[in-house]
Amino acid sequence: MTTGPRFRFAPSPTGSFHVGGARTALQNWALARRLGGTFVLRIEDTDEARNRPEWTQGIIDALAWIGISSDDAHFEGPHFQSEYAEAHVAAARTLFDSGLAYYCDLTAEQIQQRAKEQGLSGYDGYSRDRGLEPAPGRVLRFRVPPGTTIVNDLVRGDVSFDNDTIEDFVLLRSNGTPVFLLANVVDDIEMAITDVVRAEEHLPNTPKQQMLWQALGHTPPRWAHVPVLVNEQRKKLSKRRDKVALEQYRDDGYLADAMVNYLMTLGWTPPGAEAAGSEIVPWVEIEAAFRLEDVTHSPAFFDVKKLAAFNGDYIRLMSPDEFVERAGQELPVEWDRKRFVAIAPHIQERLTTLREVPDKVDFLFWPEGSDVEYDPDAWAKAFAPEWAIALLGDVIEAYGDSSWSADDLKSALEAVMERYSIKLGKAQAPVRVAVTGRDVGPPLFESLEVLGRDETLRRLVNAASAAGGDTANVGR
RNA sequence: GCCCCCAUCGUCUAGUGGCCUAGGACACCACCCUUUCAAGGUGGCGGCACGGGUUCGAAUCCCGUUGGGGGUGCCA
């Protein structure tokens, strides 16, 4: 165990890993490593999650994907909340014995009733001095002291709460089980956590937690509440409405590096990014520079468009070998890898996600002799000019005995198109549609080179015939 | 209702009293390049919510207004 600060990340398993959680995890991770501390993963093992171990595993896998892995020295865990269950109750007992907490037998209805009568919003402290002993049906409440609680937050500075506005909150339910707030604090104490970095939504709970730390005889940790991530409606990202599952982005072909980089730019800018004119910054630099004090105070919109832009940049940053390796994983197994290697350099700079790879190159892998499926619009546009069919015929003839390299194929087409006084941009359209069925795609001549003479000619002839041209004498 | 947080281009942000004629990134638009589409290059559009102070000077400090968001469980 290292001796530096101890950062905890305490996600609740819900079946998918939230991008917001990923960001706080990353922030904790960056700090723990930079400061020579420890990243402690404490997973909340709720009843529901206990029946679905894959949920917990999902968190671990997701963290590993973004580079937070137990293989690293600065990692401790996962720990589970239940591992400290006895300590939770013991802590509550201590508080009761020392008079810092008391039992109350009011039901929720009664509390509501009293609040209504007095025009208050919550519990009024009715049982504070009634000296009730523990008994089934009674809850243990924390005796909130008078005064003011000041939370010193690394991101926001001092935030002060008037204790009068904090009701005597429940520690132990009437069935004797501890509530989350207590469990959380006790876990943090047990784990000797020194720094709590989490989303801003937890800020209002913090004075309660801080009071508990103190009541339990411990110095509270350093707090830091980073702004939440929101959707286009400026609402906190929710699983129901928004695409928030990190796994989903992973499966959609986003790169971990791009995701990590993008997530870290939400609420924070790497120093030097402005001078460099780019926010694409490697993790090592982020880790070396990230400071809580520099984090923005306002919520940030999770912009998939910008994520996509980052992703495209990261794809272009890959070495050719790496790209072939990564992109190859997206291809159907039966596709010839050698063929893909030949075309790979030409699609690498045309992608925003790896997921798009198959659709870009599929025309190279259609089964031999299969028909090209022409996109109607592309076809109509390509064969609208009156010269299109004739040009196709000429191309077929020229390609019949051209040497089969991209350069020569280009020259051959250029020679043909001169007869029609058109530019290359136009001339290549019918050829492209004939061969790929579409009007956009990787560079044409390189594609043809990879496709090979026989298949190219076959498709050209088929297209010419489909377009109504007489191909009977072509290629003789 | 009560409590807390927040407020710079469409979005993410730089800015910590003079360097701001408010900078960068993404998006968008135009042009260049060009073998379609991209990529790349160049340029452009576009913002300090409002009102009062403080100060020689305010995006920056203070107060208020308005507007957002979050929290308010015997949920986690």
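The chains referred to below are lettered A, B, ... by the order of the sequence lines, with proteins before strands, and numbering in each begins at 1. Bear in mind the structure is a predicted one, so any value in this text is a computation, not a measurement.
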- Using a 4.0 Å heavy-atom cut-off across all strands, classify G312(A) as base, sugar-phosphate, or nothing. nothing

- Query: If we call it a pair only when both distances are under 3.5 Å in a Watson-Crick or G-U wobble match, what pairs with A38(B)?
  - Reply: none

- Query: With a 3.5 Å cut-off and no angle check, do the side chains of N163(A) and T149(A) form a donor-acceptor pair?
  - Reply: yes

- Query: Which part of the nucleic acid, if any, lies within contact of P442(A), taking any heavy atom under 4.0 Å across all strands shown: a base, the sugar-phosphate backbone alone, or nothing?
  - Reply: base

- Of S160(A) and E279(A), the one whose closest RNA chain B nucleotide lies more 5': S160(A)

- Task: Would you kindly compare D294(A) and V440(A) by the position of their nearest RNA chain B nucleotide and give the one closer to the 5′ end?
- Result: D294(A)

- Message: Could you tell me how far G51(B) sits from G46(B) if I compare only their C1' atoms? Round to whole Å.
- Response: 25 Å

- Item | Among C6(B), C12(B), U35(B), the one nearest H297(A) by side-chain distance | C6(B)

- Could you check how far CD1 of I347(A) sits from C1' of C37(B), rounded to whole Å? 13 Å

- Looking at Y123(A), does the NZ or CZ of R141(A) lie under 6.0 angstrom from its six-membered ring centre and within 45 degrees of the ring axis? yes

- Answer with base, sugar-phosphate or nothing: what part of the nucleic acid does A429(A) contact at a heavy-atom distance below 4.0 Å? nothing

- Note on the structure: Between CG of D375(A) and C1' of U36(B) the distance, given in whole Å, is 13 Å

- Message: Under the side-chain hydrogen bond (donor to acceptor under 3.5 Å, both in side chains) definition, can you give me all pairs with a residue in residues 261-278 of chain A, not counting sequence neighbours?
- Response: N261(A)-Y314(A)

- Short N-O contact, D375(A) and R438(A), less than 4.0 angstrom: no

- Task: May I ask you to check whether Y249(A) and F302(A) place their ring centres under 6.0 Å from each other?
- Result: yes

- Would you indicate what E232(A) reaches in the nucleic acid, counting non-hydrogen atoms under 4.0 angstrom: base, sugar-phosphate, or nothing? nothing

- Using whole Å, report how far CZ of F301(A) lies from C1' of U11(B). 7 Å

- Send over the distance from N311(A) CG to A39(B) P, rounded to a whole Å. 14 Å

- Query: Looking at A27(B), C5(B), A14(B), which one has an atom nearest to any side-chain atom of K305(A)?
  - Reply: A27(B)

- Going 5' to 3' through nucleotides 67-76 of chain B and flagging B where a protein heavy-atom sits under 4.0 Å of the base, S where only the sugar-phosphate is that close, and - otherwise, we get --SBS--BSB

- Would you say the side chains of R432(A) and T436(A) form a donor-acceptor pair under 3.5 Å? no

- Task: Quick one: label F445(A) by what it contacts on the DNA or RNA (base, sugar-phosphate, nothing), any heavy atom closer than 4.0 Å.
- Result: base

- Answer with base, sugar-phosphate or nothing: what part of the nucleic acid does F169(A) contact at a heavy-atom distance below 4.0 Å? nothing

- Query: Touch check for T14(A), heavy atoms < 4.0 angstrom, all strands: base, sugar-phosphate only, or nothing?
  - Reply: nothing

- Task: Determine the contact category for R316(A): base if any of its heavy atoms lies under 4.0 Å from a base atom, sugar-phosphate if only primed atoms, P, OP1 or OP2 are that close, otherwise nothing.
- Result: sugar-phosphate

- Message: Measuring only the P atom in each nucleotide, how far is C12(B) from C48(B)? A whole number of Å is fine.
- Response: 16 Å

- Look up atom CZ in R42(A) and atom CD in Q81(A), then write down how far apart they are to the nearest 0.5 Å. 6.5 Å

- Hunt down the Watson-Crick or G-U wobble partner of C48(B), both distances under 3.5 Å, from any strand shown, or write none. none

- Note on the structure: Closest of U35(B), U13(B), C3(B) to the T269(A) side chain is U13(B)

- Message: Please give the distance between the C1' atoms of C50(B) and U66(B) as a whole number of Å.
- Response: 7 Å

- Message: Work out how far the C1' atom of U8(B) is from that of A25(B), and round it to whole angstrom.
- Response: 15 Å

- Validation row: L351(A), F323(A) side chains within 4.5 angstrom (heavy atoms): yes

- When we call it a touch if two heavy atoms are under 4.0 Å apart, what does L203(A) touch: a base, just sugar-phosphate, or nothing? sugar-phosphate

- Task: Could you let me know what G43(B) is paired to, Watson-Crick or G-U wobble, both distances under 3.5 Å, or none if it's on its own?
- Result: C29(B)

- Value in whole Å for how far the P atom of U35(B) lies from NE2 of H346(A): 14 Å

- Provide the Watson-Crick or G-U wobble partner of C2(B), both distances under 3.5 Å; none if there is no partner. G71(B)

- Can a donor-acceptor pair under 3.5 Å be found between the side-chain atoms of K306(A) and the base atoms of A25(B)? yes

- Whole-Å distance separating the CD atom of E446(A) from the P atom of U36(B): 12 Å

- Item | C1' atoms of G47(B) and C20(B), separation to the nearest Å | 13 Å

- Message: Taking only the P atom of each, what is the distance from G73(B) to U16(B) in whole angstrom?
- Response: 41 Å

- Task: Pick base, sugar-phosphate or nothing for G441(A), based on heavy-atom distances below 4.0 Å to the nucleic acid.
- Result: base

- Take atom CG of D313(A) and atom C1' of A39(B), then tell me their distance rounded to the nearest Å. 10 Å

- Message: Using the P atom as the point on both nucleotides, what is the distance between A49(B) and A7(B), in whole Å?
- Response: 9 Å

- Message: Measure CH2/W379(A) against P/U36(B) and give the value in whole Å, please.
- Response: 21 Å

- Could you please spell out the steps behind the side-chain contact (heavy atoms from CB on, under 4.5 Å) verdict for V196(A) and H202(A)? CA-CA 11 Å; V196(A) 173; H202(A) 296 287; over 6 Å; no

- Test D394(A) against every option in Y399(A), Y420(A), W387(A) by the side-chain hydrogen bond (donor to acceptor under 3.5 Å, both in side chains) rule and name the one that passes. Y420(A)

- Message: In whole Å, measure the gap between the C1' atoms of U11(B) and U55(B) for me.
- Response: 35 Å

